[in-house]
Amino acid sequence: QVQLVESGGGLVQAGDSLKLSCAASRSTFWSYTMGWFRQAAGKEREFVGAIAWSGGSTDYADSVKGRFTISRDNAKNTVYLQMNSLKPEDTAVYYCAARKYGSRTMLSREYDYWGQGTQVTVSS
């Protein structure tokens, strides 16, 4: 079992930046593909981005491409989501997820472990 704990959410203004962190409880974190998802009120959970176990490859949703960056520090068992140029439509609960086996995917059902989420609110 892997526990994931997100942090770094908060209330910001449009155009601001925010960096989310997701800390994993197991040392085998380094082998997992990691993903970020978000869920706005009244909407379905959607893919934000994913990063390979090595950190060498990333994928992003079109809505965040060029603004958000995913990185990871396997020595710290932590994955990050740097969010720049935030927009009100980025307001959501953000979740990190871990996939034990397999490459990057935007399908939430392919991820095995989930964090509890952290709220990001962007005011206009």
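In this text the structure is predicted, and so the values were computed from the model without any measurement. Just so you know, these numbers use all the heavy atoms, side chains as well, and skip hydrogens, waters and symmetry mates.
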*Residue list, side-chain contact (heavy atoms from CB on, under 4.5 Å) with Glu89, at least two apart or on another chain*: Lys87

*Cluster partners of Trp53, using ILVMFWY side-chain heavy atoms under 4.5 angstrom, listed by chain and number?*
Trp30

*So, the side chain of Glu6 versus the backbone of Gln116: is there a donor-acceptor pair under 3.5 Å, distance only?*
yes

_Of all pairs that satisfy salt bridge (Lys or Arg N to Asp or Glu O under 4.0 Å), the ones with a partner from residues 92-102, not counting sequence neighbours_ = Arg99-Glu110

*Quick one: closest heavy-atom pair of Thr33 and Tyr111, and the distance?*
O-CE2, 4.2 Å

*List in chain and number order the residues that pass ring-ring contact (aromatic ring centres under 6.0 Å, His included) with Tyr60, two or more places apart in sequence or in another chain; answer none if no residue qualifies.*
none

*Please examine the side chains of Trp114 and Leu4, heavy atoms only from C-beta on, and report whether any two atoms are closer than 4.5 Å.*
no

_Grouping I, L, V, M, F, W and Y whenever their side-chain heavy atoms are under 4.5 Å apart, do Phe68 and Phe37 come out in a common cluster?_
no

*ILVMFWY network linking Ile70 to Val93, side-chain heavy atoms under 4.5 angstrom*: no

_Counterpart residues, side-chain contact (heavy atoms from CB on, under 4.5 Å), relative to Thr28 (two or more places apart)_ = Arg26, Ser31, Tyr32

_Least distance between heavy atoms, Met34 atom then Ala98 atom_ = SD-CB, 3.6 Å

Show the atom names and distances, to 0.1 Å, of all donor-acceptor pairs under 3.5 Å that link a side chain in residues 117-124 to residues at least two apart or in another chain.
from, atom 1, to, atom 2, distance (Å)
Thr118, OG1, Gly9, N, 3.2
Gln119, NE2, Ala92, O, 3.4
Gln119, NE2, Thr121, OG1, 3.3
Ser123, OG, Val12, O, 3.3

*Listed by chain and number, what are the side-chain hydrogen bond (donor to acceptor under 3.5 Å, both in side chains) partners of Gln3, not counting sequence neighbours?*
none

*asked:* Enumerate the disulfide (SG to SG under 2.5 Å) contacts for residues 64-124, please, sequence neighbours excluded, ordered by first and then second residue.
replied: Cys22-Cys96

*Are Phe29 and Tyr80 linked, directly or through other ILVMFWY residues, by side chains that come within less than 4.5 angstrom of each other?*
no

*asked:* Between Tyr95 and Gln39, is the side-chain contact (heavy atoms from CB on, under 4.5 Å) condition met? List the steps.
replied: CA-CA 8 Å; Tyr95 300 88; Gln39 186 167 19; 4.2 Å; yes

Anything under 3.5 Å between a donor and an acceptor, one on a side chain of residues 101-109, the other on a protein residue two or more places apart or in another chain? List them.
from, atom 1, to, atom 2, distance (Å)
Arg104, NE, Asp59, OD2, 2.7
Arg104, NH2, Asp59, OD2, 3.3
Thr105, OG1, Leu107, N, 3.1

Sequence neighbours left out, cut at 3.5 Å: what donor-acceptor pairs do the side chains of residues 44-52 make with other protein atoms?
from, atom 1, to, atom 2, distance (Å)
Glu46, OE2, Arg38, NE, 2.6
Glu46, OE2, Arg38, NH2, 3.1

_Taking side-chain contact (heavy atoms from CB on, under 4.5 Å) as the definition, give me every residue that meets it alongside Ser7, ordered by chain and number, with sequence neighbours left out._
Ser21

*Looking at residues at least two apart in the chain, or sitting in another chain, which of them share a salt bridge (charged side-chain N to carboxylate O under 4.0 Å, His left out) with Lys43?*
none

*Among Asp90, Val64, Thr69, Leu20, the one residue meeting side chain to side chain contact (heavy atoms under 4.5 Å, CB included) with Met83*: Leu20

